[in-house]
Amino acid sequence: MKYVDEFRDGDLARGLARSLATLARDDRDYRFMEFCGGHTHAISRYGLEDLLPPNIRMIHGPGCPVCVLPVGRIDAAIALARDPKVTLCTYADLMRVPASGGMSLIKAKAAGADIRMVYSTLDAIRIAEAEPSREVVFFAIGFETTTPPTALAIRLAAQKKLSNFSVFCNHVLTPAAMRAILAGEGEGVEIDGFVGPSHVSAVIGVRPYQFAAQQFNKPIVIAGFEPLDVMQSIMMLVRQLNEGRCEVENQYGRAVTHEGNLKAQAEVADIFELRDSFEWRGLGEVPASALRLREAYADYDAERRFGVTTPSAKDNPACECGAILRGAKRPHDCKLFGTVCTPETPMGSCMVSSEGACAAQWTYRRFDTQRVAS
Ligand code: SF4
């Protein structure tokens with residue numbers, strides 16, 4: 001398949017690995033965070049760490065939408081879904097994320113709450129149209145990639161004058177999380193550069209990452225999701241560091257432009273505004289890191305319509321998801337990994353989504369203790 005097969009070519013991967021082995025200097029280490037869960041998945045699935053010299057280490061980042069949602073927001077969604085007039089629409093991954101008291105959305109559904117899995121925001125709109133007596137709430141999560149479809153649904157609901165549709169907004173922003181990680185550097189994590197997110201960058205472009213290079217002296221290479229994309233991006237990062245450069249480079253030129261998708265950016269800016277602060281699992285409260293609906297669209301804001309409050313809630317104390325999402329620990333560092341916590345019985349959010357570091361490790365690398373111990 002075009003744009004897939006040629007980026008999974010084993011001979012080319014081995015050639016890149018040989019070049020990297022030559023390029024990586026023996027007198028230093030290279031610690032790169034892949035921000036995005038899609039890259040974590042690709043690195044585990046294709047065994048890319050086995051192709052890297054031992055002094056290049058990949059650190060998993062927080063770029064998994066399901067993983068970073070704090071327990072309190074899931075508790076709030078469950079409380080919302082227990083309102084007998086509410087139909088809560090959500091993506092499938094969220095259903096099994098553990099909430100407080102051993103609860104989850106799927107358990108709340110089993111107990112009678114009207115919670116439905118949807119594949120797109122438009123499915124939720126269709127449900128609202130078909131069932132006017134129900135209050136249909138879309139549980140919106142995700143980074144800049146999934147925000148435009150939510151904006152589109154709100155625009156559509158307004159055009160159709162749908163009075164029974166609203167959005168529980170949990171959309172978060174990648175650059176703010178990157179800044180929080182860099183500001184906390186030294187607390188168990190050292191980063192020399194970032195493999196930057198690709199789908200997010202297709203929307204926001206290259207410019208929003210400049211601060212990391214200019215203020216924190218960290219190079220970033222925006223990378224595609226195929227294994228050769230990731231290998232080439234690591235090589236570009238190594239080259240920057242060797243040459244003493246700190247720049248934002250774009251390896252994923254076949255999808256990401258410098259300016260990004262201006263139409264999507266305008267649509268999002270019209271409907272959403274910045275929250276002062278938002279809690280992230282693992283990162284805590286991060287200033288200006290999430291969106292909420294503007295006053296002009298208040299009718300479609302589930303938080304205002306239902307007076308949603310976010311209870312203070314804690315993760316399972318044995319779960320290391322917080323440290324893993326900050327890059328301070330790895331899945332094998334968690335005592336529950338592969339014992340009581342598996343994809344069938346997740347104890348933390350990182351074991352639920354295929355983009356979660358623990359799920360990727362379990363699926364592709366659970367018997368590999370050599371590299372993860374380094
Ligand atoms: S293995 Fe399970 S409990 Fe441990 S950090 Fe990962 S998700 Fe959390």
Side-chain angles (χ1 to χ4, degrees), residues 31 33-45 47 49 57-75 77-78 90-108 141-143 170 172 177 180-181 184 187-189 191 279-284 286 311-374:
R31 298 154 299 189
M33 174 175 276
E34 85 275 4
F35 185 90
C36 179
H39 288 136
T40 301
H41 184 96
I43 288 166
S44 297
R45 179 178 177 188
E49 284 180 301
R57 186 189 156 203
M58 302 308 294
I59 301 166
H60 308 316
C64 157
V66 169
C67 304
V68 294
L69 196 64
V71 174
R73 297 297 279 184
I74 301 169
D75 289 348
I78 290 172
T90 179
Y91 295 131
D93 275 356
L94 262 180
M95 294 292 282
R96 295 186 314 117
V97 178
S100 295
M103 192 42 82
S104 65
L105 286 168
I106 202 160
K107 286 180 184 168
I141 66 158
F143 293 86
N170 296 272
V172 289
I181 288 168
E187 296 165 15
V189 57
I191 297 166
E279 185 189 350
W280 293 56
R281 194 186 300 244
L283 301 181
V286 180
S312 161
K314 289 201 165 35
D315 287 321
N316 180 328
C319 171
E320 299 281 11
C321 278
I324 290 170
L325 290 164
R326 286 192 303 278
K329 291 195 174 178
R330 297 171 73 90
H332 271 94
D333 295 329
C334 176
K335 289 194 205 72
L336 305 186
F337 178 81
T339 53
V340 289
C341 185
T342 69
E344 284 71 40
T345 57
M347 303 298 290
S349 59
C350 297
M351 192 56 98
V352 176
S353 164
S354 64
E355 293 188 0
C358 297
Q361 187 77 39
W362 166 264
T363 305
Y364 300 110
R365 313 285 291 176
R366 62 182 177 272
F367 301 117
D368 176 2
T369 52
Q370 197 176 357
R371 179 94 194 186
V372 296
S374 62

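Hydrogens, waters and symmetry mates play no part in the numbers below; they use all other heavy atoms, side chains included. Just follow the structure's listing: the first ligand is 1, and inside any ligand the first atom is 1.
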Colleague: Between R281 and S349, is a side chain to side chain contact (heavy atoms under 4.5 Å, CB included) present by the stated rule, with each step listed?
Modeller: CA-CA 9 Å; R281 194 186 300 244; S349 59; 3.3 Å; yes
Colleague: Strictly distance-based, threshold 3.5 Å: is any side-chain N or O of R326 a donor or acceptor partner for the main-chain N or O of G282?
Modeller: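 Yes: the side chain of R326 pairs with the backbone of G282.
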Colleague: Show all protein N/O/S atoms under 2.8 Å from atom 2 (Fe) of ligand 1, or state that there are none.
Modeller: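 Hits for atom 2 (Fe) of ligand 1 below 2.8 Å: C341 SG.
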Colleague: Of the backbone atoms (N, CA, C, O) and the side-chain heavy atoms from C-beta on, which set of N316 has a member under 4.0 Å from an atom of ligand 1: side chain, backbone, both, or neither?
Modeller: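 Answer for N316: neither.
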Colleague: How long is the span from the CD1 atom in I106 to the CZ atom in R96, to the nearest 0.5 Å?
Modeller: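 Here the interatomic distance stands at 7.5 Å.
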Colleague: Are any side-chain N or O atoms of K107 and backbone N or O atoms of G102, one a donor and one an acceptor, separated by less than 3.5 Å?
Modeller: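 Side chain of K107 to backbone of G102, a donor-acceptor pair under 3.5 Å: yes, one is there.
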Colleague: Please confirm whether the backbone N or O of L336 pairs with a side-chain atom of T339, one donor and one acceptor, at under 3.5 Å?
Modeller: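 Judged by distance alone, yes, a pair lies under 3.5 Å.
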Colleague: Show your reasoning for whether side chain to side chain contact (heavy atoms under 4.5 Å, CB included) applies to T345 and V340.
Modeller: CA-CA 7 Å; T345 57; V340 289; 5.8 Å; no
Colleague: Which of the atoms of ligand 1 are close to I324, meaning less than 4.0 Å from one of its heavy atoms?
Modeller: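 Listed by number with element: 5 (S).
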Colleague: Look up atom CD1 in I324 and atom OG1 in T40, then write down how far apart they are to the nearest 0.5 Å.
Modeller: 11.0 Å
